[in-house]
Amino acid sequence: MNTYFPDVGRIPYEGPASTNPLAFRHYDADKVVGDQTMAEHLRFAVCYWHSFCGTGGDPFGSGTRPLPWNVDPDPIAQAHDRLDAAFEFMAKLGVKYYCFHDRDIAPEGATIKETNRNLKKIVARAKDLQKRTGIKLLWGTANLFGHPRYTYGGATNPDPLVLAHAASQVRRAIDATVELGGTGYVFWGGREGYVSLINTDMKQEREQLANFMHMAVNYAKKAGFKGKFFIEPKPKEPSTHQYDFDAATCLGYLKEFGLEDSFQLNIEANHATLATHSFQHDLTVASSAGMLGSLDINRGDMTVGWDTDQFPTDIYDAVWAMYIVLGQGGLKHGGLNFDAKVRRGSFDSVDLFYAHIGGMDAFARALVIADKLHQDKVFKKVIADRYAG
Ligand code: XLS
Ligand code: NI
Ligand code: NI
């Protein structure tokens with residue numbers, strides 16, 4: 001496996017003094033921190049959509065990244081190439097997990113049957129690559145927002161045919177997750193919300209979404225899913241208002257509809273800030289309810305109001321995240337997914353390595369600092385004193 005990144009070898013740990021941009025300065029996979037190794041604590045996942053599908057295009061211009069694995073005119077051959085590239089990249093980086101939407105790994109066909117066949121084929125190949133490399137699936141999900149049929153939602157769509165299509169798609173995405181041993185399954189509802197209340201029956205849509213989630217839970221049980229479902233809150237974008245606005249909204253929603261035993265939350269940094277919270281805030285809301293399951297690690301740009309999905313390099317944010325994760329004794333079914341993309345100007349294939357190395361180093365450093373903060377018990381003591389009365 002040395003086809004797509006021939007100039008890069010296995011990324012070594014060289015320590016803080018290193019000036020080699022293709023080496024880790026803080027992430028030392030086997031180093032023990034507290035009771036576990038860094039790799040066990042951090043469970044980094046490479047995100048398939050941004051890293052292997054994202055072209056670098058934006059609303060003002062077309063893609064800039066060459067993506068040599070996405071050129072074969074046969075969509076199945078292309079999906080195979082994409083898998084090979086992803087596994088080569090992950091093996092060289094030393095990341096043990098990945099996350100995908102069904103449509104990132106396998107192309108949509110002309111009919112549902114053909115689409116399902118495509119997915120099955122690619123899943124078989126992914127399973128084989130997992131076996132050969134020891135890399136695992138952290139979580140799977142279904143893309144219920146990209147195709148024009150989902151313009152008015154997937155699980156909340158008022159058209160029964162679209163709703164049925166979404167249900168069938170989620171069913172197959174759960175099958176794929178089970179087949180690949182994923183420990184999580186994510187619901188992110190980009191189009192499960194509204195643009196205008198004038199034409200929206202909010203009560204109906206919220207109930208319909210909950211019914212859909214109950215059906216998914218029941219199906220997953222039958223399919224042998226042993227993991228957890230996660231809701232990933234986001235207040236807006238692409239919808240004007242999304243029902244899974246933030247952690248607190250989702251917790252209330254899960255309770256309202258009796259879903260709290262099957263679900264936890266997957267908190268994304270940039271979504272928290274879009275909701276005018278900090279990452280630390282939404283992580284604390286989820287964790288203090290015993291509902292923090294997984295993290296999408298990225299960051300926004302605080303001078304713009306959208307989801308820029310930058311790689312996480314803010315050490316303060318990372319320390320708080322790890323402080324909260326360690327404080328609850330880790331993540332049982334989840335991990336740290338790099339829901340982040342390289343900037344439009346970072347079109348060289350080596351840039352993908354630089355970006356991940358920076359993020360992994362930031363979180364490794366944060367893990368050590370957070371562990372020390374827990375050992376020193378300074379914050380704990382401040383809080384204990386403050387509430388002593
Ligand atoms: C988009 C979301 C999405 C989810 C998975 O903003 O972050 O990428 O993580 O559907
Ligand atoms: Ni996001
Ligand atoms: Ni995300």
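Counting convention: from 1, in listed order, for ligands and their atoms alike. Note that the numbering runs from 1 along the sequence shown for the chain. Heavy-atom basis, side chains included; hydrogens, waters and symmetry copies ignored.
For Phe87 and Tyr98, the ring centers sit closer than 6.0 Å to each other. Remark: aromatic rings of Phe230 and Phe263 are distant, center separation not under 6.0 Å. Centroid-to-centroid, the aromatic rings of Phe353 and Phe89 come within less than 6.0 Å. Tyr97 and Phe44 have their aromatic ring centers separated by at least 6.0 angstrom.
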Derivation and outcome, ring-ring contact (aromatic ring centres under 6.0 Å, His included), residues Phe145 and Tyr150 = CA-CA 5 Å; Phe145 47 87; Tyr150 296 129; 8.6 Å; no
Working for side chain to side chain donor-acceptor pair (under 3.5 Å), residues Thr313 and Arg299 = CA-CA 8 Å; Thr313 50; Arg299 74 188 157 96; 3.2 Å; yes
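Not a single heavy atom of Val186 sits closer than 4.0 Å to an atom of ligand 1. Ligand 1 does not have His50 within reach: every non-hydrogen atom of the residue lies 4.0 Å or more from it.
Of the protein's non-hydrogen atoms, the one nearest atom 2 (C) of ligand 1 is Glu232 OE2, 3.3 Å. For atom 10 (O) of ligand 1, the closest non-hydrogen atom of the protein is His101 NE2, 2.7 Å.
Inspection of the Thr115 and Asn118 side chains reveals no N or O donor paired with an N or O acceptor under 3.5 Å.
Arg191 contributes no side-chain N or O that, together with a main-chain N or O of Pro238, makes up a donor-acceptor pair within less than 3.5 Å. Not one N or O on the side chain of Glu268 forms a donor-acceptor pair closer than 3.5 Å with the backbone of Leu295.
Among the atoms of Asp307, an N, O or S atom falls under 2.8 Å of the Ni ion (ligand 2). Residue Asp296: an N/O/S atom is found under 2.8 Å from the Ni ion (ligand 3).
Below 3.5 Å of separation, one finds no N or O of Thr141 facing any N or O of ligand 1. Residue contacts with ligand 1: Trp49 is placed with a nitrogen or oxygen under 3.5 Å of a nitrogen or oxygen of the ligand (distance criterion only).
Each of the atoms 1 (C), 2 (C), 6 (O), 7 (O) of ligand 1 lies under 4.0 Å from some heavy atom of His271. Those atoms of ligand 1 with a heavy atom of Asp296 less than 4.0 angstrom away are 9 (O). Distances below 4.0 Å separate heavy atoms of Asp307 from the following atoms of ligand 1: 6 (O).
Between the Ni ion (ligand 3) and the N, O or S atoms of Glu232, the shortest distance is to OE2. For Glu268, the N/O/S atom at the shortest distance from the Ni ion (ligand 2) is named OE2. Distances from the Ni ion (ligand 3) to the N/O/S atoms of Asp339 are shortest for OD2.
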